[in-house]
Amino acid sequence: MIDVVEFGLGQELYAMDIQLAREIVEMMPITHIPRAQDYIAGIMNLRGEITTVIDLKRLIQIPGASGDNQKIIVLVAEATGGSNLGIIVDDVHSVIRVAEDDIELMDEGIASGVHAFVKGIIKLARDEDDRKQADGGGRQGAGLILWVDIKKILDDLVRNSRA
């Protein structure tokens, strides 16, 4: 079993490894950084720690307006090379436990650009999906969640910034 944080970006559901998340905080004031890349929302003061905030939607080019329920997932230092870093998502739904049988891993042959940030597709059990629909869980699509490889995205950012 694998524990993931399920969150929304645009009209789709995404997930990331729970061990990469240090905490989830409500949206707070962010100071814009002039001339920064467009995916860098800015910096925030999180209990005395200056934390860089990345807009994940912009970074992985997800279209659509952001809602009123945005959250910031603050990442563990091990995932960010020691930096204080948070990512903005449209909403955080829950932490879910997924059986490895319910995950279809991505390979480079499926879609050339997608494997750069998607580890796999999580197929929700039909009864769980139906239950969440009835509970107003806000689910879109057919019970599929894109499992995002946050560590790989960040490693690519660091590698590209040094190039």
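This is a predicted model, so every value here is computed, not measured. The first residue of the sequence shown is numbered 1, and numbering continues consecutively from there.
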**OP:** Report the C-alpha distance between Lys119 and Asp17 in whole Å, list the side-chain angles of each, state the deciding distance to 0.1 Å, and finish with yes or no for salt bridge (Lys or Arg N to Asp or Glu O under 4.0 Å).
**Re:** CA-CA 10 Å; Lys119 280 175 126 169; Asp17 298 317; 2.7 Å; yes
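- Between Asp90 and Lys57 the shortest side-chain heavy-atom distance falls below 4.5 Å.
- Using a 4.5 Å cut-off on side-chain heavy atoms (C-beta onward), Asp3 and Val98 make no contact.
- Considering only heavy atoms from C-beta on, Val5 comes within 4.5 Å of Val92 through its side chain.
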**Study point:** Step-by-step salt bridge (Lys or Arg N to Asp or Glu O under 4.0 Å) determination, Glu6 to Lys71
**Key:** CA-CA 12 Å; Glu6 177 188 353; Lys71 304 277 190 297; over 6 Å; no
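- With values rounded to the nearest 0.5 angstrom, Ile145 atom CD1 is found 10.0 Å from Phe7 atom CZ.
- Leu20 contributes atom CG, which lies 8.0 Å from atom NZ of Lys151 (distance to the nearest 0.5 angstrom).
- Following chains of ILVMFWY side-chain contacts shorter than 4.5 Å, one can reach Leu146 starting from Val89, so the two form part of one hydrophobic cluster.
- Linking ILVMFWY residues whenever their side-chain heavy atoms come closer than 4.5 Å, directly or via other members, places Met16 and Leu85 in the same cluster.
- No more than 12 heavy atoms of other residues, nucleotides or ligands sit less than 6.0 Å from atom CD of Gln61.
- For the atom pair CZ of Arg97 and CD1 of Ile2, the computed distance is 10.5 Å after rounding to the nearest 0.5 Å.
- With Val4 as the partner, the side chain to side chain contact (heavy atoms under 4.5 Å, CB included) test is satisfied by one option alone out of Ile18, Ile122, Val95: Ile122.
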Verdict with reasoning, Trp147 to Leu105, per side chain to side chain contact (heavy atoms under 4.5 Å, CB included):
CA-CA 9 Å; Trp147 184 17; Leu105 296 177; 4.2 Å; yes
Requested in this report: Report the C-alpha separation of Ile33 and Ile43 in whole Å, then their side-chain angles, then the decisive distance to 0.1 Å, and conclude whether the side chain to side chain contact (heavy atoms under 4.5 Å, CB included) test is met.
Outcome: CA-CA 7 Å; Ile33 302 171; Ile43 55 175; 3.5 Å; yes
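- Tracing side-chain contacts under 4.5 Å through hydrophobic residues (I, L, V, M, F, W, Y), one reaches Leu9 starting from Ile54; they form part of the same cluster.
- Counting heavy atoms from C-beta outward, Leu144 and Lys123 have side chains that approach closer than 4.5 Å.
- Looking at Ile150 and Lys152, their side chains never come closer than 4.5 Å, going by heavy atoms from C-beta outward.
- Rounding to the nearest 0.5 angstrom, the gap separating the CG atom in Leu75 from the CD atom in Gln19 is 11.5 Å.
- Within the 4.5 Å cutoff, the side chain of Met28 has heavy atoms near those of the Leu46 side chain.
- By the 4.5 Å heavy-atom criterion applied to side chains, Met27 and Ile30 are counted as neighbours.
- Of the charged side-chain nitrogens involved, none lies within less than 4.0 Å of a carboxylate oxygen, so that Arg58 and Asp38 do not count as a salt-bridged pair.
- The structure places OG1 of Thr52 at 13.5 Å from CD1 of Ile87, a figure rounded to the nearest 0.5 Å.
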Next on the checklist: side chain to side chain contact (heavy atoms under 4.5 Å, CB included) for Val53 and Ile88? Distances and angles first, verdict last.
Outcome noted: CA-CA 7 Å; Val53 182; Ile88 298 173; 3.4 Å; yes
Apply salt bridge (Lys or Arg N to Asp or Glu O under 4.0 Å) to residues Arg47 and Glu23 and explain how you reach the verdict. CA-CA 12 Å; Arg47 292 183 299 283; Glu23 63 184 304; 2.4 Å; yes
>> Pair Leu124, Asp102 - check side chain to side chain contact (heavy atoms under 4.5 Å, CB included), show working.
In response: CA-CA 7 Å; Leu124 292 177; Asp102 292 332; over 6 Å; no
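- The structure places CG of Leu59 at 8.5 Å from CG of Asp55, a figure rounded to the nearest 0.5 Å.
- Note on Val74 and Ile153: separate hydrophobic clusters, where clusters join Ile, Leu, Val, Met, Phe, Trp and Tyr whose side-chain heavy atoms are under 4.5 Å apart, directly or indirectly.
- In this structure, Leu56 is not a member of the same hydrophobic cluster as Met44, with clusters built from ILVMFWY side-chain heavy atoms closer than 4.5 Å.
- Counting heavy atoms from C-beta on, the side chains of Ile40 and His32 never come closer than 4.5 Å.
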